[in-house]
Amino acid sequence: MRNLQMVDLKSQYQKIKSEVDAGISQVLESAAFINGPDVQHFAKELAAYLGVKHVIPCANGTDALQIALMALGLKPGDEVITASYTYIATVEVVALLRLKPVFVDVDADTFTMNIDAVKNAITPNTKAIIPVHLYGQSANMEPLLALAKEYNIPVIEDNAQAIGGTYTFSNGETVKTGTMGIVGCTSFFPSKNLGCYGDGGAMFTNDDELAEKLKMVANHGQKERYYHEVVGVNSRLDTIQAVVLRAKLKHLDEYCAARSAVADYYDAAFSVNPNIVTPYRAPYSYHVFHQYTLQLKNVSRDEVQKKLAEKGIPSMIYYPVPCHKQNMLKEFGSDQYQLPVTDMLQDCVISLPIHTEFKEEDLAFITQNFLKIINQLS
Ligand SMILES: *Cc1c(COP(=O)(O)O)cnc(C)c1O
């Protein structure tokens, strides 16, 4: 059987091995494991790539979101509007800080937050909005930013799945995702579009004052060593991870293009089938396909997954249980929400393998078998 995986990080590593290995070995020789020069170099290089003033590295994407909420000074009970249709980390940090998660539904085509729903959810207690650029596609930021400005609410972008992606405003201006809100957060988890070889994360901002606060919160609440101004956390990017990220950042545009090409291949194969809804690409977004997520109609998803597995084709459900149905969040009244689109999507989505190293023969094998299975079952 073919050795197909959701993500192929081994082949990707082979292509940058000499640079990564040399860089890591230099860190080992210098023993600058924490805050070595590569961390600062990487932060500068990523800032230049994104077109943003400040990049503050941290230990993972979950911390990035938590530190952003802390640095913005949110207080227990403050309401934070976000999508239920996201990875749990987006909402978990809200709950952890004893803020109140307020869920809105998503649009069925883009999987990102519905802007009218956000408008209806705003109250005098709304102190932040967290749009999630899910699966690699930007949320619809222009109307969201206008709304946030009208009510003076900070926007924190969860960019963990969309680094390298862009958003184009109606005046034609195109910017990188994660740079439109007061702060953008990302993850360098290995399988993310820009992933390291362990855990990592970062925050981006154009606001000088906020940048200082983010740095301070990430570093035990201190600006000057051993003088602690606020309660913070300990969240750092390892030097070794920064080495990996510097090597991979140079290829990020290629990686995004390779993912996009896989999506094109899948789209072309599947778009004729009435039981498969291929991912919609919003005209305002350059979709970087962290996931390739289809909606299945009139077929049993369980059966499809079973038959795919028999052929050695992996598939995943992102995410089988939306946040508002997680036990973790019941104490926030999350189970009271009616989010019909989220519920509908949760029952019909399926994600196929997507990564930067595909051979055409593997894509042909996946698409042919997938179509055969759908036709058998429908
Ligand atoms: C991966 C991810 C995170 C969390 O990142 P970690 O580095 O795993 O902590 C947060 N939000 C979304 C949408 C993610 O996909």
Side-chain angles (χ1 to χ4, degrees), residues 6-7 9 42 46 55-70 80-97 99 101 103-104 106 110-113 128-139 141 155-165 177-178 181 183-204 214 218 233-238 241-242 244-245 248 256 259 279 285 287-293 316-324 326 328-329 342 345-346 349 351 354-355:
M6 288 300 286
V7 183
L9 294 174
F42 169 65
L46 183 59
V55 166
I56 298 105
C58 65
N60 56 68
T62 309
D63 276 8
L65 290 159
Q66 181 184 335
I67 294 163
L69 289 164
M70 291 169 77
V80 178
I81 298 175
T82 190
S84 169
Y85 195 93
T86 180
Y87 180 54
I88 192 69
T90 317
V91 182
E92 187 179 30
V93 293
V94 173
L96 181 72
L97 296 170
L99 312 171
F103 294 112
V104 294
V106 291
T110 61
F111 304 100
T112 60
M113 66 193 340
I129 303 173
I130 311 182
V132 182
H133 305 313
L134 203 72
Y135 302 149
Q137 170 145 265
S138 180
M141 293 301 286
V155 171
I156 302 170
E157 295 174 74
D158 185 339
N159 198 36
Q161 299 193 1
I163 197 159
T177 56
V183 53
C185 298
T186 205
S187 162
F188 304 124
F189 185 79
S191 65
K192 300 284 159 94
N193 288 23
L194 178 61
C196 57
Y197 295 163
D199 275 307
M203 298 155 285
F204 332 131
L214 292 165
V233 296
N234 173 26
S235 190
R236 298 183 282 240
L237 181 72
D238 293 349
Q241 301 307 338
V244 175
L245 290 164
K248 287 180 73 168
C256 291
R259 288 173 173 276
S285 173
H287 193 324
V288 291
F289 285 98
H290 175 60
Q291 298 300 343
Y292 184 84
T293 303
M316 291 290 286
I317 310 303
Y318 300 115
Y319 298 91
V321 181
C323 294
H324 73 287
Q326 297 286 357
M328 176 208 275
L329 298 164
T342 298
L345 291 172
Q346 170 226 320
V349 290
S351 299
I354 192 160
H355 53 74

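Reckoned from all heavy atoms, side chains included, excluding hydrogens, waters and symmetry mates. All values reported here derive from a predicted model rather than from experimental measurement. Each ligand, and each atom within it, is numbered from 1 in the order the structure gives.
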Give the atoms of ligand 1, by number and element, whose distance to some non-hydrogen atom of T90 is under 4.0 Å.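 This gives 11 (N) as the contact atoms.
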Relative to the heavy atoms of N60, which atoms of ligand 1 are at a distance of less than 4.0 Å?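 Atoms satisfying the 4.0 Å criterion: 7 (O), 9 (O).
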Please tell me if the side chains of [X] and [Y] come closer than 4.5 Å, counting only heavy atoms from C-beta onward.
{"X": "F289", "Y": "P279", "value": "yes"}
{"X": "V183", "Y": "L214", "value": "yes"}
{"X": "Y197", "Y": "F188", "value": "no"}
{"X": "V288", "Y": "I163", "value": "no"}

Checking heavy-atom distances from atom 11 (N) of ligand 1 to each of D158, T62, V132, the winner is D158
For a side-chain contact (heavy atoms from CB on, under 4.5 Å) check, start with the C-alpha distance between M203 and C58, then their side-chain angles and the critical distance, and finish with the verdict. CA-CA 8 Å; M203 298 155 285; C58 65; 4.1 Å; yes
So is K192 close enough to ligand 1, meaning a heavy atom under 4.0 angstrom away?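 Within the 4.0 Å threshold, so yes.
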Could you tell me whether some N/O pair between G61 and ligand 1 is separated by less than 3.5 angstrom? yes
Is the ring pair Y85/F111 parallel, tilted or perpendicular, if the boundaries are 30 and 60 degrees?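 The rings of Y85 and F111 lie parallel, inter-plane angle below 30°.
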Report the nearest protein non-hydrogen atom to atom 8 (O) of ligand 1: residue, atom name, distance rounded to 0.1 Å. S187 OG, 4.1 Å
Protein residue, atom and distance nearest to atom 15 (O) of ligand 1, heavy-atom basis: Q161 NE2, 2.8 Å
